[in-house]
Amino acid sequence: MEIGKTLNLPVGKATRLAFGETLRELGAEDPNLVVVDADLNNSTRTDLFLKDFPDRFFNVGIAESNMVGVAAGLASAGKKPWISSFATFMMSNAYDQLRMSVAFPGCNVKVVGSHCGISIGEDGPSQMGIEDLGLACSLPGFVVVAPCDEASTRLATRALHAHDGPGYLRTGRPNAPIIYGEGVTWEFGKATTLKEGDDLTVIASGLMVGAALEAAAVLAADGISVRVLDVHTFKPFDEATVIRAAQETGGLVVVEEHLAQGGLGSIVAMTVSRHHPVPIRFVNLGDQFAESATPGELLDKYGLSYREVVDAARELL
Amino acid sequence: MSCTEIVTALYFGGLLNHDPANPGWEERDRFVMSKGHGCPAQYAAMAGSGYFEESLLLTLRKLGSPLEGHPNVRKLPGIEASTGSLGQGLSIGLGMALAARLDGKGWKTWVLLGDGEIDEGQVWEAALAAAKFGTSNLIAIVDANTAQQTGYTRDVLNTEPKAEKWTAFGWTTQEVDGHDLDALLAALRRAASASDGHPQAIIARTLKGKGVSFVEKEYGYHGKPLTADESRRALEELGWK
């Protein structure tokens, strides 16, 4: 089933498209913004920037390593490059270059991994970015953001462009339910409390934020008051909000579209174990590759829906 | 030591347009030591140019020294790129060359590669892309010293014929004796003044440990410090007084 369906959450644009549209706006505002591409611009949506600014767009062919190095060189000469690919190719194919040519010298390069998680669907496991956040967080000095919807992706893109230093933005393929409507604020580096609650806290990022809200609604019907946090910024990590949730609600469920290793669950566990240990349950992809199917079928089969969040919450209570 | 003449020609032959008193000068040429392990030669040239006191050279690889085992752009003004994972410098140099062109600037980017280093696929990704973008302001010098970590390059992975490869990849290519300073200077000047719409490659034929007979003969000296006795013999052979 599609994420957000039980709540009839309105469906917005894909986060990759919201990123692409914002990048085009930023291109008009900042003449130093340049884009390097490894021939996936119409998937990662930097094609929107290309249309308006072809002179500041460099397609280096299907060569992620070179894309990273070229961006590093542009940055060291004062340009503000953005690069993108599918999250798994961006991180896994060019990791040494991200480490050596970008993170180590601290180059002002913004890296976008699109097609994150298993919700890309039919293209199958070779294209699924399920380890990108763990890898991005392992690059010293990087800031790392995984927004959940259209509006927050626009703000994340702008926040990253304003940040002077390396950064990673995770975007997704499918249209994403709208989480940030009127009156909800989103701030880079600050976890958003989407719903207050006292009995336990569900911590989510990306597409799984919708599942967290759905689970909270199911549990509310049983009289269980669930706090929901959107932890979109992995680095720098908003420890205070997560620690307060542990102190005030006494139990956490972390749900994410990522392998168990190195994702949000790891960071949350490390944080609360030092400051205020509480029981935690983890809902994620575990330690496996998925397969080809529709996004809804995959999320159901691999246990990434509100149902698993509800089950995990009941275990805690 | 194979790249000593190349680095000397760049720093002292009037080719590298730079200002040691102002390492961040925006109009300077960029020099990327892509074969990061060759940095001692660059450090010596930088000291000789006045970037820092010569006494600092003796802190090489020691705790707290800006002269790390491989170049670190965050530690030493005058270093343009952090290198040490081989194969990455040409991509960085291409990015620099594109930035100069975007800004309508005349400064050049020089990248020094090893002949073992060009085993790395990324070098050829960068070579193809530089040809696509026609960056005449990018000059790659391959220090073809015939040896790498575990053997002779012809045995480990044969990248000959080098000049033909770079030409086929779309570069204007010269081949030169990398220990003949006059020939080197002439080749580097030709490359620096090129405006033919092609990136410029120079294959410099060199010998690892050039000038020290017992090192020239043995690839096993790669990255290995000489003993005190070997150092004395080497300095004698080089005519150091």
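- For the atom pair CD (B:Glu125) and CD (A:Glu64), the distance works out to 7.5 Å, reported to the nearest 0.5 Å.
- Judged purely by distance below 3.5 Å, without hydrogens or angles, the side chains of B:Gln88 and A:Asp96 pair a donor atom with an acceptor atom.
- When each of B:Ser85, B:Gly95, B:Gly84 is checked for heavy-atom pairs under 4.5 Å with chain A, B:Gly95 comes out on top.
- Looking at every heavy atom in both residues, B:Glu68 comes nearest to A:Phe104 through OE1-CZ, 4.5 Å.
- With a threshold of 4.5 angstrom between heavy atoms, B:Ala126 approaches chain A through its backbone and through its side chain.
- Scanning both residues, A:Pro105 and B:Arg74, for their nearest heavy atoms gives O-NE, 3.6 Å.
- Comparing B:Asp103, B:Leu128, B:Thr109, B:Val123 by how many heavy-atom pairs each has under 4.5 Å with chain A, the most go to B:Asp103.
- Heavy atoms closer than 4.5 Å to chain A are found nowhere in B:Trp124, neither backbone nor side chain.
- Contacts of A:Val68 with chain B are absent, with no heavy-atom separation under 4.5 Å from either backbone or side chain.
- Scanning all heavy atoms of the two residues, the minimum distance from B:Ala99 to A:Lys79 falls at CB-CG, 4.1 Å.
- Of the residues considered (A:Asn59, A:Ile62, A:Asn32), A:Asn59 shows the highest number of contacts with chain B, using heavy-atom pairs under 4.5 Å.
- Atom CD of B:Glu26 is surrounded by 12 or fewer heavy atoms from other residues, nucleotides or ligands within 6.0 Å.
- The greatest number of non-hydrogen atom pairs below 4.5 Å with chain B, out of A:Cys107, A:Ala71, A:Gly106, is found for A:Gly106.
- Residues A:Asp55 and B:Leu102 approach most closely at O-CD2, 3.4 Å, considering heavy atoms.
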- Message: What verdict does the side chain to side chain contact (heavy atoms under 4.5 Å, CB included) test give for A:Gln97 and B:Ser91, after you've listed the backbone C-alpha separation in whole Å, the side-chain angles of each residue and the deciding distance to 0.1 Å?
- Response: CA-CA 10 Å; A:Gln97 288 73 23; B:Ser91 300; over 6 Å; no
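- Annotation: B:Phe12, atom CZ; neighbour count of heavy atoms from other residues, nucleotides and ligands within 6.0 Å is above 12.
- Nearest heavy atoms, B:Met96 versus A:Ser76: CE-OG, 3.3 Å.
- Of the listed residues A:Ala77, A:Ala63, A:Ala72, the one with more heavy-atom pairs under 4.5 angstrom with chain B than any other is A:Ala63.
- Note that CE of A:Met100 and CD1 of B:Ile92 are 7.5 Å apart. Values are rounded to the nearest 0.5 Å.
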